[in-house]
Amino acid sequence: MTKAIHHYTAIELLAELKAKRLTVLEVSKHYLQRIEKYNPVLNVYLSINQNLLEEAQAADEEIKRGSGKPLLGLLIAVKDNFLTKGLPTTASSLILKDYYPPYESTVTKKLLDAGAIILGKTNMDAWAHGSSTESSQYGPTLNPWDLSRLSGGSSGGSAAAISAQLAPIAIGSETSGSIRQPAAWCGVTGFKPSYGRVSRYGVISMASSTDSPGPITRDIADAALITSIIAGQDRYDATSSPKPVDKYLDLLTKKDLKGMKIGLVKEYLLSSMKVEVKSLIQNAAEKFKELGAQVEEISLMDPKYAIGVYTVIQRSEVSSNLARFDGIRYGNGRELFGDEAKRRIMLGTFTLSAGYYDAYYKKAMAVRTKIINEFENTFKTYDAIIGAVSPGPAQKVGATKNEPMFGEMEDVLINPTSLSGLTGVSTPCGFVDGLPIGLQITGNQFEETKILNIAKVYQDSTDFIKYPDQFN
Amino acid sequence: MDVRKISKLANLTLTQDEEDLFAKQFVDTLLVVDQLKEVDTTDIKLTSQVTNLENVTRPDFVDTTRVLSQAESLANAKNTYKGYFIVKQVIDK
């Protein structure tokens, strides 16, 4: 099969554009045609950039003139909780149905400054509350591998955009699992940088102490490229880290895993997990050994406690962050919050209220410290830990009904790492019943370069990155 | 949990059905959270953030590049009057 435009990685596309073998205009028209054809089926995009073709032409002119911009002409799908000036931003909520942000998020600004063009805004769980996209007030995003199943979430639209090849690159955000879990369910690469590595400015806040923007891509090299652009300290986000940013792409030099020590977390092989999922993780561990790593089974705190910690901390921060939506300065009134948002605001208000603060919020903050300490100790010995991203493959449409803890149960293996601000990759590691399964490779805070290298070596020596025939 | 009282604190208006549903669901959720009691946290310090940064300040100057004009500030408001936001009356006449 000849290579179609949508089969190129971002790095390949940029090379084609630079060499003038493709124009940004043709790439844009190609993706617009695909979106027109497949978006009604999948519900990936909530809105498309109406100026795309003009911006594409301008980028082509700039390429002709010769420009050093690293992402010039690259089309990017952006999760709809990033504020984008001139493009609607709803966070998949009815409250922000007609909202046009007056300013640009730092992440999208950096991408635009690097020459990228926003293709459109992708569907998500409303306010990023969930792991399914079923809480979107504009309907769920379906899984390109099986249209009776969900894409995962909250960045489900961004993950499905890559899986169905409706964008070369997508941007997501993760509070706990919202990049890695949909990437796993859709069979693509998701990268969550450490908390504080990428600015949260202009991202509609969910849980401010764990929110982390990051890319969803076709492969690790693309993730490294995008992260090197969006990472870094931002004077508009006081929690962004002053640590210098590595040139992640240039540093993807490892050819094997010799000298690496990897921990296979025993507790993350849940008893409730399908045996086929467990064996894919065991296979991955064997692969790591083949590649020269020393893999040892390690023990961490039962992840069920992280669910409790995450539930309290996330709900508490949500109740505070969503208090600003009063329908006065922007958006509609609070009566338009969906059930999931109401539930989270209510529970967070409760756990922060007088008389319950100590029992719930303080207790959660203390257990959070214990989880962090445990990881600190682990990473003194190990370079990375591995496990499944999600207990199983994508679930059926409707799975979240009457399951107020759905997201927590699906993200049980991710919650501890997010609460600790760690960095991690979700990479395809095989299929169960024709559905992709994701492997998490997680490292210490600010060890992005190491984790990307490990994941790159794994991807280069395996053949699990596939795209569903229906959308190929 | 007094769901009605919490909804008032949260500035949310709930229907009776929602109150009943949430009351039941909160019991289930808090059962999961209550497992935290099994974890010994004696003398453990509390974590509210993971950056290890402290007292981050910015230079004390007005960054005019990010100041919104009055028109931009009001552009997304549903109810405005002569260049002002209209808010609910909170003080008795």
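Reminder, nothing fancy here: chain letters follow the sequence lines and each chain counts from 1. The structure presented is a predicted model; accordingly, all values stated were derived computationally and were not measured.
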- Hey, are A/R235 and B/D63 close enough for a salt bridge, meaning a charged N less than 4.0 Å from a carboxylate O?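 B/D63 and A/R235: salt-bridged.
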- Query: So does B/R66 pair up with A/E104, basic N to acidic O under 4.0 Å?
  - Reply: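 So B/R66 does not pair with A/E104 through a salt bridge.
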Please list, one pair per line, the donor and acceptor atoms closer than 3.5 Å that link side chains of residues 334-349 of chain A to other protein atoms, with sequence neighbours excluded.
{"from": "A/R334", "atom 1": "NE", "to": "B/N11", "atom 2": "O", "distance (Å)": "2.9"}
{"from": "A/R334", "atom 1": "NH1", "to": "A/L322", "atom 2": "O", "distance (Å)": "2.7"}
{"from": "A/R334", "atom 1": "NH1", "to": "A/F325", "atom 2": "O", "distance (Å)": "3.1"}
{"from": "A/R334", "atom 1": "NH2", "to": "B/A10", "atom 2": "O", "distance (Å)": "2.9"}
{"from": "A/E340", "atom 1": "OE1", "to": "A/R343", "atom 2": "NH2", "distance (Å)": "2.7"}
{"from": "A/E340", "atom 1": "OE2", "to": "A/R344", "atom 2": "NE", "distance (Å)": "2.8"}
{"from": "A/E340", "atom 1": "OE2", "to": "A/R344", "atom 2": "NH2", "distance (Å)": "3.2"}
{"from": "A/K342", "atom 1": "NZ", "to": "B/E18", "atom 2": "OE2", "distance (Å)": "2.6"}
{"from": "A/R343", "atom 1": "NH1", "to": "B/Q25", "atom 2": "OE1", "distance (Å)": "2.8"}
{"from": "A/T349", "atom 1": "OG1", "to": "A/I345", "atom 2": "O", "distance (Å)": "2.6"}

Choice from [options] maximising heavy atom contacts with chain A below 4.5 Å:
options: B/V87, B/N79, B/L30; result: B/L30
options: B/V33, B/V50, B/L9, B/V56; result: B/V50
options: B/Q35, B/E72, B/K88; result: B/Q35
options: B/L14, B/T13, B/L53, B/T80; result: B/L53
options: B/R58, B/Q49, B/E38, B/K37; result: B/E38
options: B/L12, B/D2, B/T51; result: B/L12

Should the heavy atoms of other residues, nucleotides or ligands under 6.0 Å from [atom1] of [X] be counted, would the total exceed 12?
X: A/K370; atom1: NZ; result: yes
X: B/R4; atom1: CZ; result: no
X: A/Y103; atom1: OH; result: yes
X: B/K78; atom1: NZ; result: yes
X: B/F85; atom1: CZ; result: yes

Between [X] and chain B, which part of the residue has a heavy atom less than 4.5 Å away: side chain, backbone, both or neither?
X: A/Y361; answer: neither
X: A/S319; answer: neither
X: A/K85; answer: side chain
X: A/D98; answer: both
X: A/A238; answer: both
X: A/T210; answer: neither

- With no hydrogens and no angle check, is any side-chain donor or acceptor of B/N76 less than 3.5 Å from a backbone partner on A/G331?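 Flag not set: sc B/N76 to bb A/G331 has no pair under 3.5 Å.
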Side chain, backbone, both or neither: which part of [X] has an atom under 4.5 Å from a heavy atom of chain A?
X: B/L36; value: both
X: B/L74; value: neither
X: B/T42; value: neither
X: B/D28; value: neither
X: B/L68; value: side chain

- Output, in order, the C-alpha distance, side-chain angles, deciding distance and verdict of side-chain contact (heavy atoms from CB on, under 4.5 Å) for B/V32 and A/E408. CA-CA 10 Å; B/V32 177; A/E408 284 62 34; over 6 Å; no
- What pairs with A/Y195 under side-chain hydrogen bond (donor to acceptor under 3.5 Å, both in side chains), at least two apart in sequence or on another chain?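 With neighbours one apart ignored, the set is A/R200, A/T239.
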- Task: Would you please name every residue forming a salt bridge (Lys or Arg N to Asp or Glu O under 4.0 Å) with B/K8, sequence neighbours left out?
- Result: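 Result, salt bridge (Lys or Arg N to Asp or Glu O under 4.0 Å) vs B/K8: none returned.
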- Message: Out of A/G333, A/P102, A/S209, return the one with the most heavy atom pairs under 4.5 angstrom to chain B.
- Response: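 Result: the option with the highest number of such pairs is A/P102.
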- Largest heavy-atom contact set with chain B, pairs under 4.5 Å, which of A/F446, A/Y100, A/Y236: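 Answer, by heavy-atom pair count under 4.5 Å with chain B: A/Y236.
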- Nearest 0.5 Å, what's the CZ-OG1 distance between A/R368 and B/T47?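 So the gap between those two atoms works out to 6.5 Å.
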- Message: So if I take each residue of residues 411-423 of chain A and look for any heavy atom under 4.5 Å from a heavy atom in chain B, which residues do I end up with?
- Response: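 So the qualifying residues are A/L419, A/S420, A/G421.
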- Between A/K363 and B/T41, does any side-chain donor sit less than 3.5 Å from a side-chain acceptor?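 The criterion, which ignores hydrogens and geometry beyond distance, is satisfied for B/T41 and A/K363.
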